[in-house]
Amino acid sequence: MSDAAPSRTPPLRAGAHGSPVTRRIARWGLPIVALLLLFAGAGPVAAQVDGLDVVSDTTFTPVPDDGVVRVVATFVLTNEKPNSQSGYSTIQYYYDRFPLLLPDAAEDVTAVVDGSRASVTLEPYEDDAKAVVATIILPRSIWYLQSATIKMSYVLRGGAARDPGAWVRVNPAYVAFPVWACCDGGQTSVRIEMPTGFVTEFNGSQSLEQLSEDPQVYLAADIADPAQFFTMTYGRSDDGLVEATTQVGDIDITIAGWPDDPEWLTFARAEVESGLPTLVSLTGLPADVPNLRLVETITPYLYGYAGWFDTSTNVIEVGEDLNPQVILHELSHIWFNQERFTQRWMNEGFAEAFSNGALAVSGRPVARPSTPDLDDAGAVPLNDWDVPTGVSEEEAAAAEAYGYNASWYVVDALAREIGLDGLSAVMAAMQNDELSYAAADGRSIEDRPGSLKDWRRLLDLVEQRAGSLTAEQLFRTYVIAPDGDLLLADRRAALDRWSQLVDATGSWEAPIGIRVLLSRWRFDDVGAFVDRSEDVLAGRNEVAAAAAALDLDRPGDVELAYENAEAAADLDGVLQGLEAQRRALATVADTAAAVGQDFGFWASWGLRGTDLDAEYADVRVAFERNDFVAVASEAAEVRQLIGDAPGDAKAFWLRVTSAATAALILLACLVWGVRRTRRRESRPQALHLAPVAPRDPAADPAQERAVQYLLEDEGA
């Protein structure tokens with residue numbers, strides 16, 4: 001007889017869940033991986049015996065309350081090796097025992113052959129310490145064409161958590177056990193009967209058909225190659241978990257562990273209670289979740305991860321390892337998830353950096369990433385790194401190992417340059433949805449969402465907010481594909497223009513529209529906007545010089561209009577405003593010159609009693625309050641006053657001279673009148689003649705002479 005061929009154990013596959021799930025890859029070795037490797041080569045396969053036909057059916061039934069998996073196997077043996085003739089002798093072949101390979105954890109091994117109890121011997125298997133050879137001693141030998149039915153039973157007792165030798169686990173919340181097949185191809189069946197309430201998953205070389213849901217029954221029938229059949233069966237029932245509750249700040253936290261692992265429950269609670277406040281402090285941001293659930297489960301291990309965080313339910317699932325960094329990493333995903341960064345590498349890299357930072361705060365050892373090997377089989381630009389699908393297990397494992405390490409390496413390099421506080425400033429900008437290119441003095445002109453949540457925004461923020469000088473080269477090397485260099489070249493050209501504009505802007509802030517374009521990487525539109533902005537600054541400087549010469553404060557509306565410009569076209573109005581200021585300043589200057597001139601006699605006399613300084617001050621006030629209509633009207637009034645002054649003075653003196661002349665004439669008339677009056681008073685009383693009708697002197701010459709006489713006498 002020859003020994004059975006060992007079964008083979010496939011590596012764990014790296015699968016994918018939905019996008020809300022963030023994962024932590026297992027880097028320190030998984031117990032399940034060790035479990036499978038230990039079992040490889042120890043599959044309980046019957047010896048392949050020439051001439052012995054075997055029909056087998058094996059049923060595996062976990063019993064969580066008892067902590068065991070019950071195994072019942074039925075073998076129907078038929079001797080098909082005919083008698084042979086050797087000379088005058090007949091050789092008859094018979095079988096008096098049946099050997100099997102069993103796991104060394106098998107207990108209570110019993111066998112019944114055709115209704116009779118048979119003895120079973122267990123001996124070490126020299127090729128694998130994790131297996132034993134179980135030999136069933138048949139009560140009677142099986143001769144040619146005879147058959148025997150063996151019903152064999154035993155239990156696989158569950159081991160303790162984190163026991164490297166325990167490859168069977170059975171408790172009310174979790175079961176894990178290997179399933180194998182024996183013996184002849186096409187005549188072998190395997191059945192699994194899972195307890196009610198358990199969610200079942202398989203990880204192995206072949207799948208099983210589900211026959212029923214309650215109870216859960218799975219079957220692999222007529223297995224073609226039993227020697228290659230192997231699968232690990234996992235069952236999960238969260239109803240069987242043991243829970244503890246705690247509170248950190250305002251967050252209600254439930255920690256649920258396996259009932260046979262109180263050590264993990266204590267460990268997990270301590271890590272959450274100390275680690276969560278530390279992460280809050282390091283990130284500078286609150287843990288914005290109302291509740292949290294941390295569950296001990298094997299599920300992440302099945303996909304090659306040590307844990308993951310489902311942000312849609314605020315549930316963290318981790319394996320049984322007492323690894324504080326794994327829990328801190330998953331807690332970090334409260335901040336580092338799809339809501340903040342859309343690309344996987346950033347969330348994983350930040351989670352690694354901050355979880356290790358939290359370890360350092362507590363004084364525990366901190367790991368460092370290795371320098372990524374760009375020639376590694378799993379190497380890809382980090383922007384292209386995602387949960388692997390549709391590739392072989394080896395390719396998936398390589399891609400995950402490279403992606404996690406490279407992500408961590410890039411963020412760790414940034415952290416060593418700018419510090420975790422620099423990364424916290426980046427986080428704050430992301431949290432507040434601020435523009436990457438903020439106002440130089442920190443003030444916010446107007447809120448604008450940055451919108452980008454990928455590597456471009458991260459590059460901008462670590463440079464603009466934290467002052468990184470190495471980020472661009474890091475991104476060129478590990479993050480972007482080679483064709484991304486063209487985009488970075490456009491960015492560099494736009495930033496050069498931006499830098500020149502900022503230097504020229506002085507106390508003003510550059511237009512918010514340019515900062516929006518830069519933050520959204522719309523570099524093609526930056527050049528024209530900067531050109532127009534420089535036109536504005538040239539006009540501003542001209543106006544500023546003119547205002548300074550007049551010791552005037554410029555109105556602020558043009559500055560605000562410049563800073564709030566959304567597009568280059570908006571600056572047309574700013575230029576118009578500057579032109580209006582320039583014209584108004586020219587008016588003020590002209591007015592100042594007019595007020596300060598050397599006035600002649602007539603203008604000075606005409607301006608007596610007029611406060612030209614006050615009038616000029618009104619012009620200045622009108623300019624500083626940005627009322628250019630008033631500047632013009634006030635200046636016109638000043639010019640009118642100055643222009644009218646000489647004429648007013650001359651008119652005044654003309655009026656004075658005319659009045660004096662009139663007064664003298666009046667006085668002369670008065671004097672003449674007085675004298676005349678006195679002369680009349682000294683003459684004889686005039687004769688009073690009776691009225692005589694007038695007569696025509698021509699008609700009476702004598703009368704004419706008499707009138708002439710009287711008149712001459714009166715004149716005397």
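Numbering of residues begins at 1 and proceeds along the displayed sequence. All values reported here derive from a predicted model rather than from experimental measurement.
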**Request:** Check the pair Leu77, Leu52 against side-chain contact (heavy atoms from CB on, under 4.5 Å), reporting the backbone distance first and the verdict last.
**Result:** CA-CA 7 Å; Leu77 311 180; Leu52 183 65; 4.0 Å; yes
**Prompt:** Hey, would you say the Tyr94 and Trp143 ring centroids sit under 6.0 Å apart?
**Reply:** yes
**Prompt:** Would you say the ring centroid of Phe198 lies under 6.0 angstrom from that of Tyr174?
**Reply:** no
Under 3.5 Å, is there a donor-acceptor pair between the [X] and [Y] side chains?
X      : Y      : result
Ser355 : Gln325 : yes
Asn171 : Asp260 : yes
Glu273 : Thr246 : yes
Gln216 : Thr196 : no
Tyr303 : Glu201 : yes
Trp385 : Glu400 : yes
Asp222 : Gln187 : no
Asn383 : Trp345 : yes
Asn203 : Thr231 : no
Ser153 : Thr110 : yes

When you compare the side chain of [Y] with that of [X], does any pair of heavy atoms fall below 4.5 Å?
X      : Y      : answer
Val217 : Leu219 : no
Met194 : Pro215 : no
Tyr144 : Asn83  : yes
Ile316 : Val295 : no
Val76  : Asp57  : no
Phe336 : His329 : no
Ser84  : Tyr93  : yes
Val190 : Phe229 : yes

Rounded to the nearest 0.5 Å, how far apart are [atom1] of [X] and [atom2] of [Y]?
X      : Y      : atom1 : atom2 : value
Leu276 : Leu292 : CG    : CG    : 7.5 Å
Trp335 : Asn347 : CH2   : CG    : 13.5 Å
Leu100 : Thr135 : CG    : OG1   : 8.0 Å
Arg293 : Leu241 : CZ    : CG    : 6.5 Å
Ile334 : Asn314 : CD1   : CG    : 7.5 Å
Trp180 : Met232 : CH2   : CE    : 10.0 Å

Looking at every non-hydrogen atom in both residues, tell me the closest pair between [X] and [Y] and how far apart they are.
X      : Y      : answer
Ala176 : Tyr234 : CB-CD2, 3.7 Å
Pro62  : Pro195 : O-CG, 3.7 Å
Pro64  : Pro172 : CB-CA, 3.8 Å
Leu474 : Ala413 : CD1-CB, 3.6 Å
Val133 : Pro99  : CG1-CB, 4.5 Å
Ala118 : Ile136 : CB-CG2, 4.1 Å

Between [Y] and [X], is the closest basic N to carboxylate O distance under 4.0 Å?
X      : Y      : answer
Arg169 : Glu320 : yes
Arg140 : Asp114 : yes
Asp321 : Arg162 : no
Arg70  : Glu193 : no
Glu243 : Arg269 : no

Treating [X] as the side-chain partner and [Y] as the backbone partner, does any N or O pair qualify as donor plus acceptor under 3.5 Å?
X      : Y      : answer
Ser116 : Val112 : no
Ser212 : Asp214 : no
Asp128 : Tyr125 : no
Asp66  : Val68  : no
Ser392 : Glu395 : yes
Asp96  : Leu138 : no
Asp163 : Gly159 : no
Thr233 : Phe202 : no
Asn337 : His333 : yes
Ser89  : Gln85  : no

**Message:** Asn79 vs Leu145, test: side-chain contact (heavy atoms from CB on, under 4.5 Å). Steps then yes/no.
**Reply:** CA-CA 5 Å; Asn79 183 349; Leu145 297 182; over 6 Å; no
**Request:** Start with the C-alpha distance between Arg236 and Thr299, add both sets of side-chain angles, then the distance that settles side-chain hydrogen bond (donor to acceptor under 3.5 Å, both in side chains), and finish with yes or no.
**Result:** CA-CA 8 Å; Arg236 170 178 176 172; Thr299 306; 3.0 Å; yes
**Prompt:** Between Ser312 and Asp310, does a side-chain hydrogen bond (donor to acceptor under 3.5 Å, both in side chains) hold up when you go through it step by step?
**Reply:** CA-CA 5 Å; Ser312 66; Asp310 188 340; 2.5 Å; yes
**Message:** Assess the residue pair Ser370 and Tyr409 against the criterion (side-chain contact (heavy atoms from CB on, under 4.5 Å)); give the C-alpha distance rounded to whole Å, side-chain angles, the decisive distance to 0.1 Å, and a yes or no.
**Reply:** CA-CA 7 Å; Ser370 60; Tyr409 178 86; over 6 Å; no
**Request:** Just do the side-chain contact (heavy atoms from CB on, under 4.5 Å) check on Thr371 and Tyr478 with the steps written out, would you?
**Result:** CA-CA 10 Å; Thr371 302; Tyr478 300 109; 3.9 Å; yes
**Prompt:** More than 12 foreign heavy atoms under 6.0 Å from CD of Glu213: is that the case here?
**Reply:**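 No, CD of Glu213 has 12 or fewer neighbouring heavy atoms, counting only those of other groups under 6.0 Å.
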**Asked** Of Val242, Val318, Asp261, which meets side chain to side chain contact (heavy atoms under 4.5 Å, CB included) against Glu296?
**Response** Asp261
**Item:** Partner residues of Pro381 under the side chain to side chain contact (heavy atoms under 4.5 Å, CB included) criterion, sequence neighbours left out
**Value:** Asp384, Ala481
